[in-house]
Enquirer: 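Quick one: this structure, given as structure tokens, is what I'll be asking you about.
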Amino acid sequence: MKVLITNIRQLLQVRDNPVEKVSGSDMKSLPVLENAFLLIEGDRIADYGKMEDLPDMETDKVIDATGKVVLPAWCDSHTHIVYAGNREQEFVDRINGLTYEEIANRGGGILNSAKKLQDTPEEDLYEQSAKRLEEVIALGTGAVEIKSGYGLTPDAELKMLRVVKKLKENYGIPVKATFLGAHAIPEAYKSDRKGYTDLIINTMIPAVAQEGLAEYVDVFCEKGYFTTEETENILEAGKAFGLIPKIHVNQFHAIGGVQTGVKYNALSVDHLEVMRDEDIEALKGSDTMPVALPSCSYFLSIPYTPARQMIDAGLPLALATDYNPGSTPSGNMNFVVATACIKMKMTPEEAINAATINGAYAMGLAATHGSISKDKKANLIITKKVPGYAYLPYAFGSNHIEHVMINGKVCHTN
Ligand code: NIG
Ligand code: FE
């Protein structure tokens, strides 16, 4: 099957020589072809160029993209979309003055979701999660990472990861699985933290690895959750089973999690709402991708990741949604990109780089996703008619997507 997209107003993120990530001042340049064509063969990008150079060819289908922008589908490297039920009561409680921390201390928060998930049969959990995955694909997400962490018992954590595995099998986009047993200390281990980390290390990680259910290991390294020492022990145990670290750090407090991530060569360190100079320093020269989650900052009214300071210091940055029932009940990467521009002062070029190629890097997919390059997967967004790509984050509340293509096929049309 050959599909040709013609008359594209702007074809974004065109990389003849693919890069694995972009950092610092390079993030300001987004390679764009104006008045372009894009040829797809099967599930891959076969060719692209200017319309005036379009060769004569036979195709099975032509899509006219006059006035439209085409770009790689979003790469959302941090989500928790496998969860049961919702937590809108906590949302209302926060409006009425409670903090996220106070709600968690009363047994709400992550523990509230864990209770619901433990009581939900796997089939039901799958149905709820599949609906969310379909929702985010329709919003232009073409690759996604999904974490466990709302189980907090060996059985419930495995149940979550089996649901992730089923999503991976049943949907066409790449789905990367992360084991996040260290998301919170469960009620039953409140006075025996060591008992819970031992359970993670000695029971959960070996079981997850044995079933081949995850490629990454995550820890919520934060005051009231897991210390840097506990984080190190868990990452060490994960690494022994081939799980690559990818961790939650610096959401509310800077307690050294960034340094722990760099020390263990984490693929990414995520959140970073509270960053000290030494945390930025620690990331310099490392292979660890910093990931910002602006919808979480928006929803919880906490600081935004200091993107300007980080990029100006030469670091790369990725953007992701953090879609979860507590801190970010939204999986809309279009909103993430707009919020990064509006609240974090990232330019549209920086934000699009962060949400495509750098997001792909943060889930080990940079060789196959995240840019318009020959042989990469044809996971694409075709917008409606827009004046140009800066209009996408500018007109932030509207859905500008006309088609989402996954593996070379249109799978959603607005
Ligand atoms: O990434 N910070 C830790 N975990 C999630 C939120 C957990 C929840 O409130 O359910 C996050 O924000
Ligand atoms: Fe998260």
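When a ligand or atom number is given, it counts from 1 through the structure's own listing order. The chain is numbered in sequence order, starting from 1. Side chains are part of it too, since the values below use all heavy atoms of this structure and drop only hydrogens, waters and symmetry mates.
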Enquirer: Sort by chain and number the protein N/O/S atoms found under 2.8 Å from the Fe ion (ligand 2).
Expert: His78 NE2, His80 NE2, His248 NE2, Asp322 OD1
Enquirer: Looking at Glu90 and Arg106, is any side-chain nitrogen of the basic one under 4.0 Å from a carboxylate oxygen of the acidic one?
Expert: no
Enquirer: Looking at residues at least two apart in the chain, or sitting in another chain, which of them share a ring-ring contact (aromatic ring centres under 6.0 Å, His included) with Tyr48?
Expert: none
Enquirer: Only one of Lys246, Glu145, Glu215 clears side chain to side chain donor-acceptor pair (under 3.5 Å) with Thr178; which?
Expert: Glu145
Enquirer: Between Lys166 and Glu123, does any NZ, NE, NH1 or NH2 come within less than 4.0 Å of an OD or OE carboxylate oxygen?
Expert: yes
Enquirer: Side chains of Glu134 and Tyr171 only: does a donor on one sit below 3.5 Å from an acceptor on the other?
Expert: yes
Enquirer: Write none if no such pair exists; otherwise list each N/O atom of ligand 1 with its protein N/O partner under 3.5 Å and the distance.
Expert:
residue	atom	partner	partner atom	Å
ligand 1	1 (O)	His80	NE2	3.4
ligand 1	1 (O)	His248	NE2	3.0
ligand 1	1 (O)	His271	NE2	2.8
ligand 1	1 (O)	Asp322	OD1	2.9
ligand 1	1 (O)	Asp322	OD2	2.9
ligand 1	2 (N)	Gln251	OE1	2.7
ligand 1	4 (N)	His183	NE2	2.7
ligand 1	9 (O)	Arg87	NH2	2.8
ligand 1	9 (O)	Tyr100	OH	2.4
ligand 1	10 (O)	Arg87	NH1	2.9
ligand 1	10 (O)	Arg87	NH2	3.2
ligand 1	10 (O)	Tyr150	OH	2.6
ligand 1	12 (O)	His271	NE2	3.4
ligand 1	12 (O)	Asp322	OD2	2.8
ligand 1	12 (O)	Ser327	OG	2.5

Enquirer: Side chains of Ser268 and Asp270: any donor to acceptor distance under 3.5 Å?
Expert: yes
Enquirer: Only one of Asn334, Thr356, Thr141 clears side chain to side chain donor-acceptor pair (under 3.5 Å) with Trp74; which?
Expert: Asn334
Enquirer: Would you check if there is a donor-acceptor pair between the side chains of Tyr126 and Asn170 at a distance under 3.5 Å?
Expert: yes
Enquirer: The criterion is ring-ring contact (aromatic ring centres under 6.0 Å, His included); which residues satisfy it with Tyr298, sequence neighbours excluded?
Expert: Phe335
